[in-house]
Structures are given as structure tokens and as C-alpha cells.
Student: 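I'd like to ask some things about the structure below.
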Amino acid sequence: MRKIAFIVSSLDTGGAQRAVSNIVTNWPDNWEIDIILNNATIIKYPYKGNIIDLNIKEPKNRKSVLYQLKVFLKRFRRIKSLKRKRKYDACISFLDSANIVNILTKTAKTKTIVSVRCELSQDNSFSYRYILTPMVKHLYNKADKVVSLSKGVEKDLVSNFGLEPQKNCTIYNCYNLQKMKMLANSEDNVLNDLGENEVCFISMGRFTYQKGGWHLIRAFAKLVHDGYKCKLVLLGTGELKEYYEKLVEEYNIEKSVDIVGFADNPFIYLKKATCFVFPSLFEGFGNALIEALACDLPVISSDFKSGAREILAPGTNIDSHVMDEIEYAKYGILVPVCEGKYFGAEEKLTKNEMIMYRAMTEIINNKEMRDMYKKNAHLCVEQYEPQNIIKQWIDLIEE
């Protein structure tokens, strides 16, 4: 029996963690699967295989240098031992810390594959610029293969980090569309307070800077103040939750905004919504976009780097980005990325927030457009079915 290992921090929350869940649950049964986690205390995503728990307790500040060093050393020792004993056919890692350990413990008999989930050059934090960037440039060419989540990520690695093009390839995330639809129909007891003809906008993602959720709150507040009959539902959690709640209070739109928190089954909310809005400043791909499309939702997305254009406007140049206008793409609406600056309710909407507002009014007023995007949604997501994506992973291992 062939053996494979997946290294990821947890199966709790996060896009990479959800991607691992989708991959392992759809992997062929004739493989033995190990999933190596920093901590397996809380597992929210389904999985198939053997959990190997490194038992690293998470502090309040996961970004602390001491915690990262502890994770690195324990991962290094344990994974080096596991590769020697278990003799995996391949070891696939997700996220930067796991990728570096995977490469440094490389063995001749185990194919070393690392997965890069976002455009690393977009992160200007101290740790990325002065610690991670040099390590990526020095180490990633030593992997057997680097799998990018999108064409934009692939190009970023080659252009900005010196990755050899032949080392790199793109494999999109896989999504069990039938299961999503089943989950969407499993309950019917959410958003029951929606009024007749009330348009419900929904967004899903961590409450972090990257996701830019406050720009959506500001654009939505103008809709309410302009008299539109609408609601906003936010699924997620994170360090900006208090800022979001304060912004909602400052705009006096508490009755129109529902901050749900993390939802074990987000699909029951997506099913009842009218339109999904994704205001991210940057991404590796945009899992939530696919999940919204799988629920036949019209979507409005910022034209972030990278993934939105690949999903909603396939065939267009991935280096082009909409500016100063709305782009009505084949599978959804693209708007410019917002400025990424924090604002209070007393400050006027920025130019790009106003464009997002206009796109939302278009969804409210144009039923024909809503129906068209709902109809096109399922055509977009078919390519992400598990059988197509898992085959690409196995082909990569067996090269």
C-alpha cells in the first residue's frame, strides 16, 4: 500500500486547513494517509487517515518568535523520524513553516512537495520580508515540486523569489459540490428574519486585515442609509471582530448586520442569501468564492491578487486588474481592490468603496443580472470537482 503524509498546522479553521480536509477525504482508499498536526485538540473539518498530533499548545500570540521556534524544532525532529520510519511515497506540506520543515527533512525516497497558498510578495510584514523571503529564495528550489494555488501565485514565485519554472505548477483546490449542496439543504432555520423582497448580502472569511471586511461594512452602511431594504451577514471570526462591531454601531446599522461568527455549516447561510461579496485585499485563490458559486450565488469580488480573475473571468490576462469601474465578468462581478486603510463611520467612502456600493446596488435593482449569474455559477465550479483535482495530485507524485 502506498503511503502519503500531509503536514498542516491544524484542522480547525482556515483555507489551507479546509483544503487539506477536502483533499484527504477524497483521496483513493488504497493509500495510507497520515495527517501531521501541531495540535489536534480541536478538529472542525472532516478527515480520512491517521492523525499524528505533535501536541504543541498554542499561545495567545501564535506569531511570537519563541512559539514559531518551538513549532519548527518539534516538527523537524518528528517529521525527520516519521519519514525515515514510515517511508512515505510523498510528503505534502501546507503553509510556510510546514513547507520549510518539509524541505529541510527531505529524503531520497520520499517526494517532497510544498504548497504555496498566496502571493508571498504581497505580505509586507517584518517576518515575511526579512525572515521568510530569504528562506523561500534559498530553500524552495530544493523541493521536488512547488504547487501553487493559482496561476498568479505561480507567477509570483518565479518572478519575485527565483523559483525555477520547471519546479512549479498550479493545482486548484478541490470542492465536493454534491456535499456542499447536501449541507446547504440540511437545515432551514437560519436567516428566518429576512423580510419580503429583502436582499441579503453575505461574506465569509477571517476577520483579519487581508480580508478587508470593514470596506464591505462601510459600503453596506450607505445602502441602508440610502433606504435600500437589505441585510448583511458576516461569517467568521478574528482579531478585527471588535472593530467590525464598533463600525456597525457607529453607523447605527445593528438591525441590518448579523455577525454570526464561525459557522460549522456555512452553506445553510449561503443558500438563503441573495449575493456573496468578497472584499479581500489579497488572496492565494479565494476558497469562499467557489463555495458561494457552488450554492448558485451571484458574487461580487475585489479583483485581488490572485485568484478572483482566474475564477470569475477565465481566459483574461491574470496581470490585468479592473480600475475605476465595475467589470461584469463571465461568472461574477469584479470591482477594484479597496485601499486597505482603516476608517471610522465619520469618514466618507473612498473611491473604490463607492464602486463596491454601486455594484451592490446593481445586484439589488437588476433581477435579470442576478438570475444570469445564478445560472452561470454551476458552470464555473465543475472544473473543481474532486476527481479532477485529486488526479492532478497523484499524477504529480507519480511523475
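Quick note: numbers below take in every heavy atom, side chains included, and nothing from hydrogens, waters or symmetry partners. Owing to the predicted nature of the structure, the values given are computational and were not obtained by experimental measurement.
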Student: Going by distance alone, is a donor N or O of one side chain under 3.5 Å from an acceptor N or O of the other, for Lys272 and Asn192?
Tutor: yes
Student: Decide yes or no for Glu362 and Met369: does some side-chain heavy atom of the first lie under 4.5 Å from some side-chain heavy atom of the second?
Tutor: yes
Student: Taking atom NE2 of His225 as the centre, does the number of heavy atoms from other residues, nucleotides or ligands within less than 6.0 Å exceed 12?
Tutor: yes
Student: Is the shortest side-chain heavy-atom distance between Leu235 and Ile202 below 4.5 Å?
Tutor: yes
Student: Between Glu347 and Gly344, is there a donor-acceptor pair closer than 3.5 Å when you use the side chain of the first and the backbone of the second?
Tutor: yes
Student: Can you find a pair of side-chain heavy atoms, one from Ser81 and one from Arg84, that are under 4.5 Å apart?
Tutor: yes
Student: Are the side chains of Pro266 and Ile268 in touch, meaning some heavy atoms are under 4.5 Å apart?
Tutor: no
Student: Return yes when atom CD of Glu250 has more than 12 non-hydrogen atoms of other residues, nucleotides or ligands closer than 6.0 Å, and no otherwise.
Tutor: yes
Student: Please confirm whether the backbone N or O of Ser115 pairs with a side-chain atom of Asn99, one donor and one acceptor, at under 3.5 Å?
Tutor: yes
Student: Mark yes when over 12 heavy atoms from residues, nucleotides or ligands other than Lys374 sit less than 6.0 Å from its NZ; otherwise mark no.
Tutor: no
Student: Any salt bridge linking Asp296 with Lys375? Criterion: basic side-chain nitrogen under 4.0 Å from a carboxylate oxygen.
Tutor: no
Student: Please name the residue in the list Tyr342, Phe207, Tyr209 that meets the ring-ring contact (aromatic ring centres under 6.0 Å, His included) test with Tyr243.
Tutor: Tyr342
Student: Salt bridge or not for Lys305 and Glu283, using N-O below 4.0 Å?
Tutor: no
Student: Indicate the ring-plane relationship of Tyr384 and Phe285, choosing parallel, tilted or perpendicular according to the 30° and 60° boundaries.
Tutor: perpendicular
Student: Between Asn376 (side chain only) and Tyr331 (backbone N and O only), is there a donor and an acceptor less than 3.5 Å apart?
Tutor: no
Student: Donor-acceptor pairs under 3.5 angstrom involving side-chain atoms of residues 255-265: please list them, not counting sequence neighbours.
Tutor:
from: Asn265; atom 1: OD1; to: Phe267; atom 2: N; distance (Å): 3.2
from: Asn265; atom 1: ND2; to: Leu183; atom 2: O; distance (Å): 3.0
from: Asn265; atom 1: ND2; to: Ser186; atom 2: OG; distance (Å): 3.1

Student: Please determine whether side-chain contact (heavy atoms from CB on, under 4.5 Å) holds for the pair Ile7 and Phe94, giving the CA-CA distance in whole Å, both sets of side-chain angles, and the decisive distance to 0.1 Å.
Tutor: CA-CA 6 Å; Ile7 310 172; Phe94 293 74; over 6 Å; no
Student: Would you say the side chains of Asp89 and Thr110 form a donor-acceptor pair under 3.5 Å?
Tutor: no
Student: Examine Ile52 and Tyr45 and state if one hydrophobic cluster contains both, with Ile, Leu, Val, Met, Phe, Trp and Tyr joined whenever side-chain heavy atoms are less than 4.5 Å apart.
Tutor: no
Student: If the plane angle is over 60° it's perpendicular, under 30° parallel, otherwise tilted; pick one for Trp214 and Tyr244.
Tutor: tilted
Student: Any non-hydrogen side-chain atom of Arg309 less than 4.5 Å from a side-chain atom of Val322?
Tutor: yes
Student: Judged by modelled atom types alone, do Lys229 and Asn197 share a side-chain donor-acceptor pair under 3.5 Å?
Tutor: no
Student: Is a donor on one side and an acceptor on the other found under 3.5 Å between the side chain of Arg2 and the backbone of Glu32?
Tutor: no
Student: Where do Met204 and Leu270 land on the side-chain contact (heavy atoms from CB on, under 4.5 Å) test, with the steps shown first?
Tutor: CA-CA 9 Å; Met204 177 168 64; Leu270 293 170; 4.1 Å; yes
Student: Judged by atom type as modelled, is there a donor-acceptor pair below 3.5 Å linking the side chain of Asn22 to the main-chain atoms of Tyr175?
Tutor: no
Student: If only atom types and distance count, is the side chain of Asp144 paired as donor or acceptor with the main-chain N or O of Ile113 below 3.5 Å?
Tutor: no
Student: Tell me whether Glu164 at atom CD has more than 12 heavy atoms from other residues, nucleotides or ligands lying less than 6.0 Å away.
Tutor: yes
Student: Around atom CD of Glu242, are there more than 12 heavy atoms of other residues, nucleotides or ligands at under 6.0 Å?
Tutor: no
Student: Is the shortest heavy-atom distance from the side chain of Lys179 to the side chain of Pro46 under 4.5 Å?
Tutor: yes
Student: Within the supplied structure, the quantity of interest is the number of heavy atoms (other residues, nucleotides, ligands) at a distance under 6.0 Å from Lys330 NZ; does it exceed 12?
Tutor: no
Student: Counting N and O atoms only, with roles assigned by atom type, does the side chain of Asn39 sit under 3.5 Å from a partner on the main chain of Ile56, one being a donor and the other an acceptor?
Tutor: yes
Student: Would Asn102 and Lys83 count as having a side-chain donor-acceptor pair, cut-off 3.5 Å?
Tutor: yes
Student: Apply side-chain contact (heavy atoms from CB on, under 4.5 Å) to residues Leu149 and Thr170 and explain how you reach the verdict.
Tutor: CA-CA 6 Å; Leu149 184 56; Thr170 293; over 6 Å; no
Student: Kindly say whether Asp156 contributes a backbone atom to a donor-acceptor pair with the side chain of Ser159 at under 3.5 angstrom?
Tutor: no
Student: Taking the side chain from Glu353 and the backbone from Thr350, do they hold a donor-acceptor pair closer than 3.5 Å?
Tutor: yes
Student: Answer with yes or no whether the side chains of Ser9 and Asn38 bring together a donor and an acceptor at under 3.5 Å.
Tutor: no
Student: Asn173 and side-chain hydrogen bond (donor to acceptor under 3.5 Å, both in side chains): which single residue from Arg117, Arg18, Glu291 fits?
Tutor: Arg117
Student: Please check if the number of heavy atoms outside Lys241 that lie under 6.0 Å from its NZ is greater than 12.
Tutor: no
Student: Assess the residue pair His215 and Glu339 against the criterion (side-chain contact (heavy atoms from CB on, under 4.5 Å)); give the C-alpha distance rounded to whole Å, side-chain angles, the decisive distance to 0.1 Å, and a yes or no.
Tutor: CA-CA 9 Å; His215 291 297; Glu339 292 75 3; 4.3 Å; yes
Student: Are Arg206 and Thr13 linked by a side-chain donor-acceptor pair shorter than 3.5 Å?
Tutor: no
Student: Does atom NZ of Lys106 have more than 12 heavy-atom neighbours from other groups under 6.0 Å away?
Tutor: yes
Student: Side-chain heavy atoms under 4.5 angstrom apart, residues restricted to Ile, Leu, Val, Met, Phe, Trp, Tyr: same cluster for Leu82 and Tyr47?
Tutor: no
Student: In the single-linkage hydrophobic clustering (I, L, V, M, F, W, Y; side-chain heavy atoms under 4.5 Å), do Val381 and Leu379 co-cluster?
Tutor: yes
Student: Is the backbone N or O of Phe6 less than 3.5 Å from a side-chain atom of Asp34, with the two atoms forming a donor-acceptor pair by type?
Tutor: no
Student: I'd like to check Phe304 versus Ser280 (side-chain heavy atoms, cut-off strictly below 4.5 Å). Are they in contact?
Tutor: yes
Student: Given side chains that start at C-beta, do those of Ile300 and Phe276 come closer than 4.5 Å, heavy atoms only?
Tutor: no
Student: Please determine which of Val335, Leu334, Leu312 meets the side-chain contact (heavy atoms from CB on, under 4.5 Å) test together with Glu327.
Tutor: Leu334
Student: If we ignore angles and hydrogens, is there a donor and acceptor under 3.5 Å between the side chains of Glu310 and Tyr172?
Tutor: yes
